[in-house]
Each structure stands twice: as C-alpha cells, then as structure tokens.
8 protein chains.
Amino acid sequence: MTEFRHDQDRAARTGIPEAVLCEHKSAAQVRAIGAAVLKAGQRMLFTRLTAEMFAALPTGLREALDYDPDSNTAFLGAACADQAMIAGIGIVAAGTSDLPVAREAARTLAFHGYAAPLTADVGVTGLWRLTEQLTALRQHRVIIAVAGMEGALFTVLAGLVEAPVIAVASSVGYGVAAGGRVALSVALASCAPGVVAVNIDNGFGAATAAIKILRSGKR
Amino acid sequence: MTEFRHDQDRAARTGIPEAVLCEHKSAAQVRAIGAAVLKAGQRMLFTRLTAEMFAALPTGLREALDYDPDSNTAFLGAACADQAMIAGIGIVAAGTSDLPVAREAARTLAFHGYAAPLTADVGVTGLWRLTEQLTALRQHRVIIAVAGMEGALFTVLAGLVEAPVIAVASSVGYGVAAGGRVALSVALASCAPGVVAVNIDNGFGAATAAIKILRSGKR
Amino acid sequence: MTEFRHDQDRAARTGIPEAVLCEHKSAAQVRAIGAAVLKAGQRMLFTRLTAEMFAALPTGLREALDYDPDSNTAFLGAACADQAMIAGIGIVAAGTSDLPVAREAARTLAFHGYAAPLTADVGVTGLWRLTEQLTALRQHRVIIAVAGMEGALFTVLAGLVEAPVIAVASSVGYGVAAGGRVALSVALASCAPGVVAVNIDNGFGAATAAIKILRSGKR
Amino acid sequence: MTEFRHDQDRAARTGIPEAVLCEHKSAAQVRAIGAAVLKAGQRMLFTRLTAEMFAALPTGLREALDYDPDSNTAFLGAACADQAMIAGIGIVAAGTSDLPVAREAARTLAFHGYAAPLTADVGVTGLWRLTEQLTALRQHRVIIAVAGMEGALFTVLAGLVEAPVIAVASSVGYGVAAGGRVALSVALASCAPGVVAVNIDNGFGAATAAIKILRSGKR
Amino acid sequence: MTEFRHDQDRAARTGIPEAVLCEHKSAAQVRAIGAAVLKAGQRMLFTRLTAEMFAALPTGLREALDYDPDSNTAFLGAACADQAMIAGIGIVAAGTSDLPVAREAARTLAFHGYAAPLTADVGVTGLWRLTEQLTALRQHRVIIAVAGMEGALFTVLAGLVEAPVIAVASSVGYGVAAGGRVALSVALASCAPGVVAVNIDNGFGAATAAIKILRSGKR
Amino acid sequence: MTEFRHDQDRAARTGIPEAVLCEHKSAAQVRAIGAAVLKAGQRMLFTRLTAEMFAALPTGLREALDYDPDSNTAFLGAACADQAMIAGIGIVAAGTSDLPVAREAARTLAFHGYAAPLTADVGVTGLWRLTEQLTALRQHRVIIAVAGMEGALFTVLAGLVEAPVIAVASSVGYGVAAGGRVALSVALASCAPGVVAVNIDNGFGAATAAIKILRSGKR
Amino acid sequence: MTEFRHDQDRAARTGIPEAVLCEHKSAAQVRAIGAAVLKAGQRMLFTRLTAEMFAALPTGLREALDYDPDSNTAFLGAACADQAMIAGIGIVAAGTSDLPVAREAARTLAFHGYAAPLTADVGVTGLWRLTEQLTALRQHRVIIAVAGMEGALFTVLAGLVEAPVIAVASSVGYGVAAGGRVALSVALASCAPGVVAVNIDNGFGAATAAIKILRSGKR
Amino acid sequence: MTEFRHDQDRAARTGIPEAVLCEHKSAAQVRAIGAAVLKAGQRMLFTRLTAEMFAALPTGLREALDYDPDSNTAFLGAACADQAMIAGIGIVAAGTSDLPVAREAARTLAFHGYAAPLTADVGVTGLWRLTEQLTALRQHRVIIAVAGMEGALFTVLAGLVEAPVIAVASSVGYGVAAGGRVALSVALASCAPGVVAVNIDNGFGAATAAIKILRSGKR
C-alpha cells in the first residue's frame with residue numbers, strides 16, 4: 001500500500017533534502033521506505049520514529065540506522081565527522097521536559113553537518129539561569145529556543161540578543177497549557193522583534209529553518 | 001424596567017461593598033441606579049462608565065460623581081483623604097496600552113481607601129525597565145500586574161519578588177493575541193509560583209482581591 | 001540527557017523553593033533529579049509523580065521519599081512536625097472527585113509547614129452542605145476552593161466569606177465540562193469580588209499562592 | 001426578494017404558531033412579511049425587532065403593532081386580556097443587564113396568553129436575594145432563569161426548587177464570559193438535575209418551551 | 001480519602017434524590033460510597049459505572065446491585081414493579097450508536113418509577129423511519145431524543161409533535177462531529193420551538209428533567 | 001498600490017474565469033481593477049461589492065456594471081440571453097435570511113450562462129414546505145442548498161433526492177449559531193451521502209462547483 | 001440492545017444504498033447487523049471496521065466478508081467484476097500517511113461498481129510530483145483529493161484541472177494541524193473554484209458524492 | 001496618563017530600535033510619545049497609525065512625520081537615501097488584499113535602510129503567476145510572503161526556493177478563514193522546510209526578523 005516517490009531534487013531546489021516523518025505512517029510503510037532508500041544507497045533522516053516502531057524494523061535496516069531514542073530520530077547513511085561540523089547555531093531549552101524536542105533539532109542539524117551546543121534549564125522563573133549564559137548565547141548567529149507551559153523565555157531571550165530566535169513551542173504543559181498552544185501563541189504575540197515560530201514540537205522544522213537562515217548570509 | 005436590589009450587606013459579609021458594572025446596562029438603568037443610590041445617601045463605585053454614558057446622565061447625578069475618563073470609573077460619595085490611604089499594594093503595567101486597566105484598579109483601590117503607586121512601561125523586552133524598579137517593587141505586599149500581548153511580564157516578575165502577583169490580562173493585542181486570551185493563559189500557565197489571575201481587563205477584580213489579600217494578614 | 005540546574009536561590013528571592021513537576025518528564029529524568037537532590041542533602045517536593053513512576057525509582061530513592069498516592073506527591077527531606085504547622089489556610093472541595101487536586105494543595109502546604117483542614121463535598125446543589133460549614137470556613141484567612149463541572153461553588157462561597165478565595169478548577173466533568181475549562185472560566189467570570197484563579201488541577205500553585213498571601217500580611 | 005411561506009399549520013402540529021425572527025432579515029423583508037400577515041388578518045409575534053427597524057416600517061404597520069422597545073418584540077393582532085392569562089410560569093433574572101432577555105421571554109408568554117411574574121436581581125453573590133424569594137419561586141410550575149457572566153444562579157436555583165428550570169444564558173459579560181458561552185456551558189454542566197438549556201439570549205425559545213412543558217401536564 | 005456527605009434532603013427539596021456519578025471517581029471512592037449507602041439501607045442510582053469498575057467492587061456490594069452493562073448504570077435497593085411504572089415519557093434514538101445514552105435515560109427513569117418506550121434508528125436521512133412512528137410518538141407528553149453526528153433529528157422531530165423535546169447530543173461522530181459538540185449546538189440553535197438541551201451524553205439529566213416536566217403539570 | 005495580474009488563462013485551465021472578490025479590497029483597488037477590465041474589453045464578475053463601494057465607483061464604470069444590491073454582485077460585459085441559459089441546477093434556501101447568499105449563487109450562475117430556479121423558505125421545522133416541493137426538486141441534476149442556524153435542511157434534503165447537494169452554510173444565527181459555524185459543521189457531519197460543503201456564505205463557490213459538476217457529466 | 005432498521009429504500013431514493021459505519025458501535029451491534037444482512041441475503045458495505053472488531057466477528061460472518069485491513073472496510077455480497085467497473089473518478093493522495101483514507105474512498109467506489117486509479121505522494125512541496133501527473137489527472141471527470149497537514153494540494157490541484165475536486169482532509173498532522181482541522185479549513189477557504197469538502201477522514205462520503213456527481217451528468 | 005519609557009538601548013542590544021505600535025493606544029498617548037521623541041531629536045517608526053489618528057495629531061508633529069496611508073506607518077527623522085539601501089530581502093503578496101500588510105513590511109525595511117522589491121498577485125490558483133517570477137524570487141536571500149484565505153502560497157513557494165520564507169498570514173478572508181487563523185496555521189503546518197511564521201498581519205515583525213536573518217550571515 002506504500003507508494004513513496006522520493007523528491008530527490010529537493011536538496012538542489014531548496015537546500016534541504018527530503019526527510020521521512022514516521023508519525024502517522026504504519027510500520028509497513030516506514031519499513032518499505034527504509035528498504036527503498038537503503039537499496040538506493042541514499043542518505044535519509046527519519047523523525048518521530050518511536051522505539052516501538054524502530055524495534056519492529058527488520059534487522060538489516062535497524063543495523064544500518066544510527067538511532068537516538070531520546071529524540072526519536074534515525075540517520076541512514078554516513079555521518080558527518082564531528083570536526084567537520086559547521087558552527088553558528090545554538091539551542092536553548094527552558095526545562096528538562098523540553099529536551100526531546102531540543103534534541104530533535106540538534107540531531108537534524110547534525111545530520112546536515114551543523115554542530116549546535118544545547119543550553120538547558122534556562123526558564124525565566126529563575127532569570128539568573130538565562131543571564132549567566134548570555135555571553136555564550138550572544139555568540140550564536142541563530143538561536144533555536146524550545147519552551148512549553150507559558151513560553152516566556154522567547155520574549156526575554158529575544159530582547160537580549162542580536163541573533164534571530166526560532167521559537168519552538170513544546171507540547172509540555174497541562175490545563176490551559178496542554179498541547180503547546182499557549183507557548184506557540186506567546187511566540188507569535190511576542191513584543192520582541194526577531195522571534196519567528198514553527199509548529200509545536202517541530203524541532204526538525206526549526207533546525208532546517210536555522211540552516212537556511214545561516215546559509216542566507218553566506219551566498 | 002430597572003429593578004435594582006442593592007446588596008447592602010455585602011461589605012459586612014465579604015469586606016467589599018457592591019459596585020455597579022455599567023457595561024451591558026442601558027443608560028436608563030444606570031441613571032435609575034444612580035438616582036436610587038444618590039437618594040439613599042450611600043457611597044457607590046461605578047465601573048465601565050463610558051464618557052458617552054456619563055454625558056447622558058442627568059446634571060444632578062453627573063455633578064455628584066467624581067468621574068475619571070481614563071479609567072471609565074466614577075465615585076459617588078465622599079472620597080478618602082489622601083493621607084488616610086492605606087499602603088501595601090503596587091500596580092505594574094507592561095505598556096502604555098495597558099494603562100486604562102491599571103487605572104481601573106488604582107481607582108477601585110482609591111475608592112476603598114488604598115493608595116497604590118503605578119509603575120508603567122516595564123515590558124520584559126527591555127528587561128532593564130523592570131529590574132531597575134525591583135527594589136521599589138519588592139516593598140509591596142501585593143502586586144497587581146497588567147499586561148496584554150504575550151504577557152511574559154507575569155512570570156518574570158513573579159520570579160523576582162516575594163509578594164503574590166495578581167495578573168490582569170488586558171485585551172491589548174492583535175492576531176493570535178486579540179482579546180487578551182493569550183496573556184490570560186500565560187498567567188494561568190506560569191511556571192512561577194504565586195501568580196493568580198482574574199478575568200481579562202478586570203482591574204476592579206484585581207483591586208478587590210488585593211484588598212482582601214492585604215486584609216487577610218491583618219485579622 | 002538530563003541537565004537539571006537547581007534554582008537554589010528561589011526560596012530567598014520569592015519565598016517558595018523550587019519543586020519538581022514530574023509530568024512530562026521521563027522516568028530517567030526524575031530519577032536523575034532525585035539522585036542529585038538526595039546526594040546534595042536538600043529538601044524537595046515532587047508533584048504529579050504517578051504510582052507507576054514512583055515504582056520505577058531505585059529503592060534507595062523510593063525509601064527516602066514520603067510518597068502519597070492519593071495526591072501523587074512525594075517529599076524528600078525532613079517533614080515539619082505537626083504541632084509546628086502554621087494555621088490560617090482552609091481547603092474546600094466541591095465533590096469527592098475533586099479530592100486528588102485538593103490533596104495536592106494540602107500536601108504542598110504541609111511540605112512548607114502549613115496545616116490546612118479540608119472540607120469536602122460542599123457542592124452548591126445541596127446548599128446546606130456549604131452553609132452548615134460557614135462558621136468554620138469564616139475562620140480561615142485564605143481559602144483554596146476546588147471544583148469541577150460547572151464550578152458554581154466559587155461564586156457562592158466568595159459571596160459569603162471575607163477571605164480571598166483561590167479557585168482551582170479540577171478537570172472533572174464530561175461533555176462541555178470536559179477538561180475543566182468551564183469551571184476555570186466560571187472562576188474568572190465570577191461576579192463575586194475576591195476570587196482569583198490558578199491553572200486547572202493546579203493544587204500546587206494554589207497552595208504556594210496561599211502561602212504568599214498569608215505571608216504578605218505578616219511582613 | 002422576500003418569499004415568505006407562512007407555516008400556518010404549525011400551531012396545530014406543535015402547539016406553537018410560527019413567529020418572525022427579525023434579526024438577519026432586511027428591513028424590506030420584515031416589511032413584506034408584516035404586510036402579508038396584516039393583510040391576511042393573522043396574529044404574529046415579531047422578535048429581535050430593533051427600534052431602528054421598527055421606525056423604518058410603514059406607518060400603517062407600525063400602528064398595528066404593539067411594540068415593546070425593552071425586549072425588541074412586537075405583537076400583531078389582538079392581545080389576550082390580562083385576567084385571562086394562564087399562570088404557572090415564573091421568570092428569574094440574575095442582574096439588571098439580563099432584563100432584556102427576560103422580557104423577551106415575558107412578552108412571548110404574554111402573546112400566547114401566559115402571565116409570568118419576573119423576579120429580578122437575584123444573583124447568587126448575595127445569596128439572600130435569592131433565598132428571600134424562595135417561597136414565591138416554589139409556587140411556579142416552570143421557571144425560566146436568565147443569567148450572564150458565570151451563571152451560577154442556574155445550579156443554586158435548581159437545587160432549591162421542584163420545578164424544572166429552563167436556563168437562558170444571556171450574552172452579558174466580558175473577557176472569558178463575553179458572548180454568553182460560559183453561562184451556557186454552566187447551565188449544561190450543572191450538577192443540579194432538572195436544568196435544561198436553550199440558546200444564548202433565546203428568551204423566545206425559553207418561553208415556548210415553558211408553554212409546551214406546562215401543557216404537557218395538562219393533556 | 002472519601003468524604004461523602006449524602007444530600008438526603010434533595011428528593012424533598014427538588015423531587016429528585018441524589019445519585020452517584022462514578023466517572024472521575026476512584027474505585028475506592030465508589031466502593032466506600034456504596035458501602036455507606038448499603039449500610040444505611042438507602043436506595044441509590046449509580047451512573048457511568050463501567051464493567052471494569054463494577055467487577056472491582058466487593059462481592060457483597062456487587063450482589064446487592066442491579067447492574068446493566070449496556071448503560072453502565074446500577075440500582076441499589078428495591079426496584080419498582082413494572083406495572084406500577086408511570087407512563088408519559090418517550091425516548092427516541094437516532095442510530096444504534098446512540099443507544100447507550102438512550103438506555104442511561106431509560107434506566108434512570110425506571111429507577112424513579114417511570115416506564116419509557118424506546119424508539120430506535122429514526123435518523124432523518126431515512127425520513128420514513130421517523131414519520132411511520134409519528135402517531136405513537138405523538139402520544140408522549142415528554143420526549144427525550146438522543147442523536148450524535150449532525151443531530152438533525154432534534155429539529156425535524158420538534159416540528160412534528162406537541163410534546164417538549166429534551167435533546168441529548170451523544171458523543172458519537174468523527175472529524176468535526178467528534179465529541180458531540182455539533183449535535184449539541186444543533187439542539188441549541190434549532191429553529192423549532194420546544195427543544196431544550198442537556199449536556200452531551202447526559203441521559204441521566206434528560207431523564208430527571210423529563211420527570212420534573214411531567215410532574216410540573218400534575219401539581 | 002494595486003498590482004492586479006489577471007489570470008486570463010484560468011477559464012481555459014479550469015473552466016471558470018477569474019472573478020473579483022471585493023471584500024477586503026479598498027475602493028481604490030476595486031476601481032483600478034474595474035478600469036483595467038473595462039479598458040481591456042473583458043467580461044468580469046464582481047462579488048461582495050457593497051452598495052457603498054458601488055456608489056463610490058466612477059460614473060463610467062458604474063454605468064457599465066449590471067449591479068444587483070440584493071446579492072452585492074455586479075457583471076461587467078454582455079449578459080447571456082435568458083433563453084440561452086443552461087438548465088439543471090436548482091437553489092434551495094431554508095429561510096428568508098438566507099436569500100442574499102442564495103442570490104449570490106444565482107447571479108454567479110447567470111453570469112456563466114446557467115439558469116437556476118430558487119425555492120425559498122423550506123426550513124425543516126415545517127417539513128411540508130420541503131416535501132411539497134419534492135417533485136420539482138428531484139428534477140435538478142445538482143442542488144445548491146443554503147441554510148443558517150442549525151442547517152438541518154442539508155441532511156433531510158440529501159436523504160430525499162438523487163442529485164448531489166452543495167451545502168452553503170449562511171452566517172445567519174445568534175448565540176452558538178453565530179457566524180455559520182454550526183450550519184457548516186452540520187453539512188460536514190451529515191449522515192446523508194452526497195452532501196458536500198463550501199465555505200460559509202460562499203454562494204459564488206457553490207455556483208462554480210455546481211457548474212463544474214454539471215459539466216463533468218458532459219465531457 | 002441493537003434495533004437496526006435497514007433503510008432499504010435509500011438506494012432508490014438517493015442512488016446510494018445505506019452502509020454501516022462501525023465506529024462507535026459495539027462489537028455486539030456490528031455482529032447483529034451483519035447477521036441480519038447476511039440472513040436477508042443483501043449486499044452491504046461496512047466502514048471503519050477495525051481488525052480487532054473484524055477478528056471478533058463469528059466465523060461464518062467473517063468468511064462471508066471481503067475485508068480490507070488497509071482501509072478498514074468490508075463487503076458483504078457479490079463483488080462487481082473488474083471489467084464491469086465504471087471509469088471517470090480519480091483519487092489523489094498527498095502523502096503516504098493519507099493512503100488509508102484514500103483507500104476507504106477507493107473501496108467504497110469499488111463496492112458501488114466504480115474503478116478509480118489512485119495517484120499517491122503528490123504533495124506540493126515537490127510540485128513536479130503533481131505536475132508530471134497532470135495529463136493523466138486531467139482525464140478524470142471527478143477527482144477526490146486527500147491531504148493532511150496544511151492541505152495546500154487542494155488549491156493547487158483545483159487551479160490546474162477542469163474536474164470538480166472533492167477535498168478530504170485527513171487527520172494526519174501534529175501541533176496546530178492535529179486532527180485535520182487545518183486541512184479541512186484550507187479546503188473550505190480555497191481561492192480555487194470547484195473545491196468542495198466532506199468531513200475529515202470521510203473517504204466514504206467523498207466516494208458517494210463522486211458517484212452522485214458522475215451520475216448527475218448522465219441522467 | 002502616558003508614562004512612556006523609551007528602551008533606547010534596544011538597538012545596541014538586539015540590533016533593532018524600539019518602535020511604537022499605535023493600535024490600542026489613545027490619540028493622547030501617541031501624541032505624547034511623538035512629542036517626546038521629536039523633542040529628543042530621535043528617529044522613530046510608528047505602525048498601525050490610522051489616517052484618523054494621524055489627522056488628530058498636532059500640526060507640528062504631523063509635518064515632521066513621513067506618513068504612508070497605504071500601510072498606516074509613519075517615520076520620524078531622516079530617511080535613508082534610496083541608493084544607500086541594502087538589498088537581499090524580497091516581499092511577495094498573494095493577492096491585492098494582502099498589500100497593506102506587505103507594505104507595512106516594506107516600510108519597516110525602508111526605515112531601517114533595506115530595499116525590498118514587492119511581487120504582488122502570485123496566488124497559487126494561477127500557478128504560472130508564481131513560477132514566472134521564480135528566477136527573480138530565487139535571487140533574494142530572505143523572502144517575506146504575505147497571504148490570507150488558505151495561504152497555500154507559503155508551502156508552494158518554500159518548496160521552490162533556497163531562501164528562508166517568513167510567512168505573514170493576513171487577516172483577509174471570511175467564513176472559516178476570517179481573521180487569518182487558517183493562513184497562519186497553514187504556515188505553521190507547512191510540509192516545506194524553511195517556513196517560519198510571525199503573528200497575523202505582522203508586517204513589522206516579518207521585516208525586523210528578515211533584517212536579523214540577513215545580518216546573521218554577515219557577522
């Protein structure tokens with residue numbers, strides 16, 4: 001039932017190759033796509049690949065994958081050597097609960113050859129946790145910020161740095177904050193210039209946007 | 001068509017006398033209530049009394065009222081002498097657009113005999129505007145904070161002071177922030193302990209809650 | 001993957017020490033935080049710690065915790081002696097289904113050294129259940145009220161007492177009331193002055209706000 | 001452009017004749033319907049007929065109408081003599097702002113030959129205002145209750161009387177209560193048995209339901 | 001942790017005795033309430049009692065209960081003899097998926113001594129299924145109608161009968177209709193007079209309202 | 001500020017030429033587009049052109065337009081002779097308030113050369129109004145149905161005819177039905193096969209879809 | 001508890017026979033309906049029949065059914081021979097995750113005797129995937145398009161073909177796109193004429209509408 | 001009542017000087033801010049300054065302002081010479097109704113010294129309008145795209161270019177698309193990597209983000 005037509009031209013056209021979002025796909029579909037890519041000898045990034053789905057893949061495919069359970073991502077194909085990684089992007093996570101999304105961003109960046117240090121636990125309830133990192137954060141040319149609950153981090157951070165801030169609301173929260181809608185709205189309504197938003201939990205989208213932004217200055 | 005039955009016992013029962021919310025009332029209803037209160041020689045606070053509605057009141061009633069067009073409030077009855085005002089409550093407004101709501105709170109407090117200094121324009125995009133006021137803000141025993149748009153002020157402020165923070169979302173904003181829902185949700189979802197919320201634009205409610213809180217420590 | 005940076009200064013700054021919300025954290029993250037706190041010999045409150053997650057903790061940590069399955073809270077560190085507990089706060093729950101949230105508030109208060117009697121089953125459909133408790137309820141200096149479904153308790157209660165009422169909507173209900181939004185809106189829209197709201201199911205937030213309120217009168 | 005086909009059989013079929021909701025109709029449409037009904041010598045109830053639209057009707061039609069600006073209703077055709085009016089239905093309004101909706105219900109009842117005393121200003125913030133009316137209210141066989149804001153009246157009232165309560169949320173409120181949704185949800189989520197709801201501001205619907213209910217016991 | 005205070009006076013006050021909504025209660029809470037009622041020798045209706053929760057009750061209580069898995073209801077105490085059941089109420093269900101809610105209504109009626117024939121599968125897509133039942137349906141003095149999806153049944157039915165129609169939206173549907181909101185809104189927005197609504201899936205509420213309505217004509 | 005680039009190829013590509021939606025355009029923009037089309041000697045349909053905006057157009061353009069204030073549409077260019085109009089599409093409107101939307105559909109059809117009889121006032125509260133038209137309605141090969149409030153017409157109609165039904169929710173209603181969302185949801189959730197929906201108030205879209213449908217059988 | 005009344009006349013009345021939506025029905029209800037249809041020797045389409053529910057059916061019924069786990073559909077009764085299938089309808093799916101909905105449409109068409117080629121993986125991020133299929137797609141007289149996430153396919157496709165496009169939003173997506181609401185809104189708000197929508201995930205409804213449309217041109 | 005505290009340090013801290021959002025401010029507040037800035041001899045950008053509010057400013061201030069009624073923006077202070085403007089940013093608007101938002105972006109860029117060509121009327125219903133501009137669009141290093149209704153432009157464009165796309169939903173649309181929510185959701189849910197979003201109608205925010213992005217590559 002899978003009829004996957006790889007958009008191989010996408011990297012040339014947009015700078016970012018196609019990736020496979022495994023959520024909402026059946027295990028059979030992921031398996032079929034993986035087999036096709038493996039056979040064609042291509043590189044591919046898989047996101048939202050749960051441990052259960054990974055375990056259900058055939059041994060050959062599983063062994064070919066560099067799988068990271070903390071971010072539910074997998075790489076097919078040769079990794080970039082660490083020393084060859086491009087710098088310039090930083091990732092900031094408000095709380096420990098936001099780490100899986102932050103790590104999806106970090107892994108997406110790594111797959112494309114970008115190194116991005118992750119600064120965790122800088123929620124603005126304890127403002128010092130953010131301000132003591134400020135000198136380091138100001139070195140980045142683009143910052144990906146991940147926050148759930150009320151997302152106040154986005155505004156405070158963007159008011160303190162020159163780099164554009166890509167805000168990723170995480171679906172962390174309960175009551176009115178359940179599902180990440182409040183944090184997303186906060187990012188969009190932020191009074192601080194330079195905050196742009198991607199979809200809730202979309203670490204992949206934040207990473208690819210960061211790459212495009214970094215490259216936009218280089219052409 | 002007006003059948004107003006004054007809850008005269010309310011002050012004794014709850015500590016706060018009944019007030020008249022003029023919004024959603026017809027001019028005739030407000031006039032009738034005003035006349036009844038004036039005749040009975042009672043004191044009364046009117047809120048959401050627009051300049052248009054005020055202008056439509058009979059001269060006698062209008063002259064008896066201490067009307068403030070910036071907050072759309074009016075006092076009927078003797079005001080408290082400034083030097084007799086009780087201290088302990090502070091008001092903070094994120095932006096100039098939030099001032100009408102902040103002033104509704106200030107006027108409600110004044111009507112009940114409480115003085116409350118108003119600190120304006122402390123939005124967290126320019127964090128220094130808040131932190132340079134911190135010593136003064138830490139003197140308050142209760143703080144009313146008014147903010148629209150993304151309301152990040154609530155969390156940052158509550159992470160810096162000991163006083164409980166009564167958050168009033170103002171209906172200032174556009175797009176996803178239109179109507180104040182985002183700022184309200186932010187107040188409710190705040191990670192900072194000690195933030196409590198009242199309805200959007202409810203400066204009156206914040207003020208009466210502040211009075212009750214201040215008194216709760218005095219009994 | 002856990003990078004927990006304890007905001008140890010928070011108690012000094014805001015009067016309330018940092019606590020750990022276990023919801024949305026992985027078992028590994030909670031375990032790592034617990035181990036760090038245990039090793040540092042600090043006290044810590046854990047909330048939303050389910051029985052399943054508690055059971056998955058290492059024996060040493062589990063034995064060090066005072067765990068309460070009815071409220072999903074755990075204390076690490078020495079408890080306050082009952083006779084040393086500070087009075088002044090009361091808790092009211094509309095129905096038996098609201099008890100877990102009410103108990104999260106009670107446990108949070110206990111961890112910080114405050115005793116708070118819990119009055120249960122006072123839903124206003126049977127008004128006598130509330131009014132027969134009125135003399136007792138009027139003794140409290142702050143009242144935490146927990147209600148789901150249509151939350152009419154908040155308004156009726158606040159119209160009868162002098163103390164400020166911290167309303168906690170519980171996510172108890174079905175149909176239009178599912179998830180607690182209606183009860184929360186009722187608290188915010190209440191005509192009764194002195195009602196303030198925290199997030200749905202946020203017994204912890206209500207308790208810490210109550211402590212701040214009680215203290216605000218004491219400085 | 002008007003093609004009005006009168007459902008003349010409706011009274012026989014359902015017990016309630018068709019009425020004309022003027023809202024969302026153009027002045028030309030209302031005029032055409034009025035002319036047709038007048039010419040046919042029929043009786044007709046017009047609801048949501050604003051003063052502006054009424055003023056724009058031709059003199060002959062205007063003079064034939066018994067128009068009430070407080071409820072925006074008009075009667076075409078002979079009124080029922082007061083002494084012939086049928087008793088059994090009572091109307092309760094929480095606040096003065098709820099009176100227009102309450103009066104739409106009262107006028108609809110009057111058009112159909114039912115007398116309904118209106119008890120105003122019984123919001124539950126001052127519970128005594130409701131309880132002092134209780135003996136009278138318990139005489140009614142059906143009660144129409146109108147409330148905006150948080151609508152706590154519905155539950156408290158239904159917990160105190162035997163009659164079924166038809167709850168009409170009024171669109172009175174601001175912030176989270178704007179538009180009447182909260183009061184409506186409260187009516188639907190009420191823990192008190194015997195509360196049924198009609199649409200927001202639907203005084204007409206409440207009245208016709210009350211008539212059907214009263215008759216249902218008489219057949 | 002259960003502190004159940006039975007509102008024993010409720011039947012005298014409102015005509016309907018208190019019932020126990022088991023949803024959102026823990027098994028321990030239901031068990032405790034059941035034991036207390038059993039010990040006191042009282043009658044009690046339990047609703048939303050799932051088969052799982054029922055199976056977890058102690059044998060003694062389970063044997064004392066008349067449990068119906070199709071409606072998740074249980075009776076404690078002597079049933080009314082069939083021949084003594086009071087007539088006048090009819091129940092209509094649009095589709096087979098709506099039967100559990102319809103049956104919750106039927107069981108609630110039975111517990112209180114009312115017999116109510118259930119007419120199923122009368123969705124208006126096949127209008128003849130409704131119209132062929134019309135003579136029978138017109139005999140009822142009150143009709144409870146249950147429908148999910150788009151709920152068109154409510155309007156069509158109410159346009160054909162004299163009896164008041166209590167509309168119960170069922171949470172049957174998917175996509176835009178998921179959760180029953182559309183069917184509920186349709187009931188509230190219905191152009192047909194005499195439709196009143198209760199909460200989604202609230203067969204219990206519809207039944208108790210029907211009883212109150214039937215009685216209202218009898219006093 | 002207008003930079004209008006006419007998609008002249010659209011008729012060839014999709015069968016329907018581009019039209020101009022005047023809503024959200026400034027008077028200057030509409031004027032500029034009109035002048036360009038007039039100068040190029042092309043035909044053009046303008047929708048949502050209010051009487052105010054029409055009056056503000058220059059005399060030359062105004063005289064060149066065939067303007068219909070009941071539907072806020074205008075034709076530029078030669079009309080189709082009535083006897084040349086293509087039959088097969090019927091329009092049904094539930095109430096008189098739905099006529100402007102129905103007429104936008106009728107005018108759009110006329111501009112493209114299709115005649116469509118309009119059957120008005122067939123709301124299902126008086127079912128006979130629909131059923132007495134059934135023989136005529138069954139002649140149509142496509143039916144456009146317009147309804148606001150609760151939109152029950154869509155389901156009932158689609159259950160009685162063979163033709164596909166294009167449902168247009170009109171923004172007629174108040175309370176929960178305000179803005180047309182309920183009627184739209186009803187169309188989408190309808191149990192009757194063959195109901196398809198377009199946007200609220202989108203008479204234009206319904207008409208163009210009807211044309212495409214009619215043609216789809218002809219190729 | 002099942003009282004299924006088959007609307008056997010529906011095919012004659014509307015052209016489409018009744019089908020059984022298994023979602024929200026209990027296994028017992030589906031079993032009873034299946035047995036009745038089997039006994040009556042009729043044909044019947046079952047939709048949303050999960051593998052779990054299918055496995056729970058009695059062997060006899062299970063063997064009589066042509067079950068397809070990819071679409072959760074089952075046929076009871078003789079299938080149409082492939083060579084007798086009617087052409088004219090095409091199905092397009094944006095991504096592999098949309099295939100189950102697309103296949104529900106394909107199977108519904110097959111049950112009624114229509115063959116419909118399925119073109120998969122034509123999401124507009126790689127526009128060439130759509131345009132390279134354009135010649136083939138332009139042969140269809142009706143197109144069913146299935147897309148989740150942001151549903152941009154609907155507009156782009158409808159701007160390129162003459163056939164009417166029936167848009168089916170699939171509930172594929174996360175964050176703001178969760179549940180299919182965004183894709184549905186996009187279909188409804190599309191600027192391209194000729195897009196009509198059915199409920200989210202409603203492959204069945206799209207297929208039956210397509211049949212009605214195809215037939216409408218044939219009468 | 002105005003207490004404006006200029007965040008003069010903001011340009012140094014974040015690269016973008018503070019601007020004045022006039023919406024939700026009173027005329028008196030805007031006048032006071034303008035006077036202060038004028039007196040201090042500073043430069044300042046005013047956004048959402050309606051023609052009415054501009055006309056109400058004192059003559060001196062009005063003459064000092066470079067006001068543009070198409071975008072409701074005004075510059076105070078010396079403009080940048082056209083030949084000194086920095087290139088690299090492009091603006092794309094889907095329809096003529098989106099031009100005011102696009103122009104707010106263009107003016108904001110101009111105030112900060114950036115030239116940005118505006119490509120209008122490239123809605124994807126006529127795909128050729130976009131593709132014929134593709135060579136030019138591919139020259140930009142950052143693209144701001146403005147679209148209302150269903151916003152399909154964002155995805156199609158981002159799938160064709162290398163530059164990051166800042167999507168600005170405009171509040172252009174009706175029915176389900178009213179207010180811009182659908183277009184915003186489409187931007188966030190877009191399958192195309194490299195799309196980031198700002199608030200609805202936020203041309204200012206898109207422009208300042210574009211500047212930050214362009215600069216990020218230059219440091």
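Chain letters run A, B, ... following the sequence lines, proteins first, then strands; residues in each count from 1.
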Which one wins on heavy-atom pair count under 4.5 Å against chain E: [options]?
| options | result |
| --- | --- |
| F:Ala192, F:Ala94, F:Ala158, F:Ala177 | F:Ala192 |
| F:Val186, F:Leu157, F:Leu184 | F:Val186 |
| F:Cys191, F:Gly126, F:Gly159 | F:Cys191 |
| F:Leu153, F:Leu160, F:Leu188, F:Val182 | F:Val182 |

Heavy-atom pair of closest approach, residues F:Thr155 and E:Ala152:
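Heavy atoms of F:Thr155 and E:Ala152 come nearest at CB-CB, 4.2 Å.
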Could you tell me which non-hydrogen atom of E:Val176 sits nearest to which non-hydrogen atom of F:Ser185, and how far apart they are?
CG2-O, 3.8 Å
Between atom CG of F:Leu127 and atom CG of E:Leu127, what is the distance when rounded to the nearest 0.5 Å?
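So the gap between those two atoms works out to 5.0 Å.
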Check salt bridge (charged side-chain N to carboxylate O under 4.0 Å, His left out) between E:Arg10 and all other residues, then give those that pass, not counting sequence neighbours.
E:Asp7, E:Glu18
Residues forming a ring-ring contact (aromatic ring centres under 6.0 Å, His included) with F:Phe54, sequence neighbours excluded
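Here the qualifying residues are F:Tyr67.
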